[in-house]
Amino acid sequence: MVEETEIENQNNQTKDHEENNRTDDLENEAEKLKNEGNVAYRKGNYLNAVELYTKSLEICPNSASAYGNRAAAYFMLKKYKESLNDSMKAISHDPAYVKGYLREGKANLFLGDISKAIASLEKAKSIDPSNSTIDEELIKFKAVKNFSDEANISYDKGDFRKVVYLMDRCLNHSNDCYKFLLFKAECLALLGRYQEAQEIANEIVVKDQKNSDALYVRGMCLYYQGNSEVAFQHFQRVLQYEPDHQKAKVFYKSSKKLHNKKEQGNREFKAGNWQNAYSLYTECLEIDNKNKSINSILYFNRANASFKMNNIDACIEDCSKAIELDDGNLKAYLRRAKCYMETENYEAAVKDYNQAYKLDKSNKENYRLLKDAELQLKKSLRKDYYKILGVKKDASDDEIKKAYRKSALMHHPDRFPDASEEVKKQEEIKFKEIGEAYTILSDPNKKARYDNGQDLEEYGMHDNDHIDPNVLFKAFFGNINGNRSRNGFSGFEFSFG
C-alpha cells in the first residue's frame, strides 16, 4: 500500500512538473509575441502590432503590459475607444501600472472627456510623483480643460466665433478629437460657414456612419441652407441612434413645424387667400430667426402676398429683408424691381434688374426687363410733356389740343402784368414749356419717337428752341387784334371758336 502511494505521489509530481513546463512555454510564447508586437509598433506597423499583441493576450490574458501596448497601438490607429478599453484592462490587472494611466488619459482626451483624462494623470502622478512626463501632460490637459470650459460659456452667450477659436486651441493638443471638431463645426454652421462645417461632419461620418453629432451638424447645415426636408431626415436618424439628443430634438420639432406651416401658407396663396397666406408666412418667420435661407424665402413669399393685396410698400420692404438675408435671392430682386417700376422709381428698378441679370445672365427676360427699366429711367429724366399739359399718356389729339388751349391761356405772360419779376419769369418758362410740349405731342412722328424714349436731337427734330411760343400761340388761337382785351392780354385779342 505504501509502495502504491509513493508511486502516485511521483506521478503527481511529474504532472506538476510537466504543467509548469507548459506554463513556462506559454508565457515564453506570449512574451515572444508581445516583443514582436513591440518591433512592429516601432516600425509604424500598428495593425500588425495589434494582431501580435492580441495573439499574446490569447495565450496570457492577464498581461497588463500587453494590454497597455495594444492600447498604444490602437491609439496610433485613432481607435480611441479601443485604446481606452485596453488601458482600463491593463490597470485592472496591475493598479500600479503608470503607463496604463497615461494611455487612459490620452484616450480620454481624444474622446473629449477632459475631466477623466486629468483624473487618470493625477492617479499616475500619485503612483510616480517624480515622473516629469506626467507633469508636462497635466499642464497640457488642464489648458485644454480651460479652453473647453471657456468655449461652453461663450456658446451660451452666443459668441460662436470665439468658440471656434477656442476649439482650435483644444485641437492643437488633440487634433483628431471628434467632440472638439464637431463643436467647432456646429458653431461654424451657426456662423453661416456651412461648407466648412459640412466638410468636418462629412469626414467624420465617412469614418463613423452612426456618429449622431456629425449627422446632427450635417442636418443643421441642410436646415440653414433651406433644404428642410433632407435636414428633417437627418434629425430623425440622429434620434434613432441617440433618442435623448436634445439639440436634435429641438431642430426636429422646429424643422417639422416650419415645413408644415410653410406648406400651409403656400396652399393658401395658391387658393388666392392672400391675407391668410400672409399671416401664415409671418408665423413661420417667428419660428427660427437664425435660419437666414428659409427666412429669406419666407419674406419673399410674404412680399408676394402683399403684392397681390396691392400693398406695394409692404412688398418692397419684405423683398428688401429677403435680399438682406440672402443677396442671391433672384426672385426678390425681380419682385422689388417690378414694384419700383409701378411706383416710377426707375433708378432703383434699374439697379435691381441689373443685379438680377448678373445673377442669371442666361435668362433673356431679365435682360429685356433691364433694358425696359433703363428706357423708362431715361424717359423719366426728360421733360414730361404729358405732365406739363396735364394729360394722360394715351390722350387723344383732341384732348392734347384742349389741354394746350387751357394751359397756354392760364400761363400766358400777359396775364401777369402787375406780378413781380420773379413770378413773370416763372410764367414765361411755363408758357414756353407748354408750347414745347404741344409741338412734340401734336406731331405724330415726334410724339412716337418721344414715347419710344428716343432722343429727338439725334434725328434733328428737337427744334423747339427756335420756335417762338408766342407765334405758336397766335397760330393756334387765330383772330388777333391790337387792343387790350377784357381777358387781360395786351397787344391782341382772341376769338374762340
Side-chain angles (χ1 to χ4, degrees), residues 274 278 281 292 295-395 400 403 407 426 429-430 432-441 446-462 464-465:
W274 320 124
Y278 183 95
Y281 293 139
K292 293 183 179 180
N295 287 344
S296 177
I297 294 170
L298 290 169
Y299 274 121
F300 170 71
N301 288 357
R302 195 171 74 170
N304 277 337
S306 294
F307 186 83
K308 291 291 186 180
M309 294 186 290
N310 294 317
N311 193 340
I312 302 301
D313 290 340
C315 181
I316 290 173
E317 183 180 353
D318 274 353
C319 284
S320 298
K321 289 178 180 177
I323 291 167
E324 184 180 348
L325 293 174
D326 179 7
D327 59 7
N329 193 326
L330 174 62
K331 292 180 178 179
Y333 282 111
L334 291 171
R335 174 59 73 197
R336 189 171 69 174
K338 185 175 178 62
C339 291
Y340 284 143
M341 291 292 286
E342 292 198 6
T343 56
E344 297 185 357
N345 187 350
Y346 300 120
E347 186 174 357
V350 167
K351 289 181 180 178
D352 276 358
Y353 279 132
N354 186 51
Q355 185 62 30
Y357 176 64
K358 287 180 179 178
L359 290 171
D360 186 6
K361 291 186 177 181
S362 64
N363 192 321
K364 294 181 180 179
E365 179 64 10
N366 292 345
Y367 181 76
R368 186 193 68 76
L369 291 169
L370 171 61
K371 289 304 172 184
D372 183 54
E374 288 175 342
L375 175 60
Q376 295 302 321
L377 174 61
K378 182 179 179 182
K379 289 165 71 173
S380 72
L381 296 175
R382 305 175 308 171
K383 291 179 181 178
D384 189 340
Y385 291 137
Y386 291 101
K387 187 175 182 179
I388 290 170
L389 291 183
V391 295
K392 296 180 179 179
K393 288 181 169 58
D394 59 353
I400 290 171
S407 298
Q426 289 175 353
I429 293 172
K430 288 180 181 178
K432 181 179 178 182
E433 287 181 339
I434 290 165
E436 183 179 327
Y438 181 70
T439 301
I440 298 299
L441 298 183
K446 291 181 180 180
K447 180 176 180 296
R449 294 190 181 279
Y450 173 78
D451 288 344
N452 290 329
Q454 295 174 332
D455 292 325
L456 298 176
E457 291 91 339
E458 293 179 10
Y459 302 92
M461 299 174 66
H462 205 303
N464 297 294
D465 290 338

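As the structure is a computational prediction, the values presented were derived from the model and not from experiment.
Taking 4.0 Å as the cut-off between side-chain N and carboxylate O, D451 and K447 count as a salt-bridged pair.
E436 is not listed as a side-chain neighbour of I388, based on a closest heavy-atom distance of 4.5 Å or more. Inter-residue side-chain proximity for Y333 and D327 is flagged as met; some heavy-atom pair is nearer than 4.5 Å. Residues K393 and D384 meet the side-chain proximity criterion, which asks for heavy atoms closer than 4.5 Å. Between N301 and Y278, every side-chain heavy-atom pair lies at or beyond the 4.5 Å cut-off. Using a 4.5 Å heavy-atom cutoff, the side chains of Y438 and I400 are in contact. Using a 4.5 Å heavy-atom cutoff, the side chains of K446 and Y385 are not in contact. Counting heavy atoms from C-beta outward, Y340 and K351 have side chains that stay 4.5 Å or more apart.
Residue L377 comes nearest to V350 through the heavy atom pair CD2-CG2, 4.0 Å, listed as atom of the first residue, atom of the second, then distance. In terms of heavy atoms, L389 sits closest to A403 at O-CB, 3.3 Å. When all heavy atoms are compared, the tightest approach of A322 to S296 is O-OG, 2.7 Å. Residues K308 and W274 approach most closely at CB-CD2, 3.5 Å, considering heavy atoms. D360 approaches S362 most closely through the heavy-atom pair OD1-OG, 2.6 Å.
Here NZ of K358 is found 13.5 Å from CG of L330. Values are rounded to the nearest 0.5 Å. With rounding to the nearest 0.5 angstrom, the SG atom of C339 is 11.0 Å from the CG atom of L334. R336 CZ to C315 SG: the interatomic distance, rounded to the nearest 0.5 Å, is 10.5 Å. Taking NZ from K379 and OH from Y450, the interatomic distance works out to 8.0 Å, rounded to the nearest 0.5 Å. Remark: N366 CG to L359 CG distance equals 9.0 Å, nearest 0.5 Å. Rounded to the nearest 0.5 Å, atoms CZ (R335) and NZ (K331) are 10.5 Å apart.
Within a 6.0 Å sphere centred on CD of E324, heavy atoms belonging to other residues, nucleotides or ligands number 12 at most. Atom CD of E347 has 12 or fewer neighbouring heavy atoms from other residues, nucleotides or ligands inside a 6.0 Å radius.
A donor-acceptor pair under 3.5 Å links the side-chain atoms of S320 to the main chain of I316, judged by distance alone.
Residues passing the side-chain contact (heavy atoms from CB on, under 4.5 Å) test with Q426, sequence neighbours excluded: E422. A search for side-chain contact (heavy atoms from CB on, under 4.5 Å) contacts involving E344 returns Y346, not counting sequence neighbours. For K321, the side-chain contact (heavy atoms from CB on, under 4.5 Å) test picks out Y299, R302, E317, D318, with sequence neighbours left out.
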message: For a side chain to side chain contact (heavy atoms under 4.5 Å, CB included) check, start with the C-alpha distance between D372 and M341, then their side-chain angles and the critical distance, and finish with the verdict.
response: CA-CA 10 Å; D372 183 54; M341 291 292 286; 3.7 Å; yes
message: Please determine whether salt bridge (Lys or Arg N to Asp or Glu O under 4.0 Å) holds for the pair K430 and E433, giving the CA-CA distance in whole Å, both sets of side-chain angles, and the decisive distance to 0.1 Å.
response: CA-CA 5 Å; K430 288 180 181 178; E433 287 181 339; over 6 Å; no
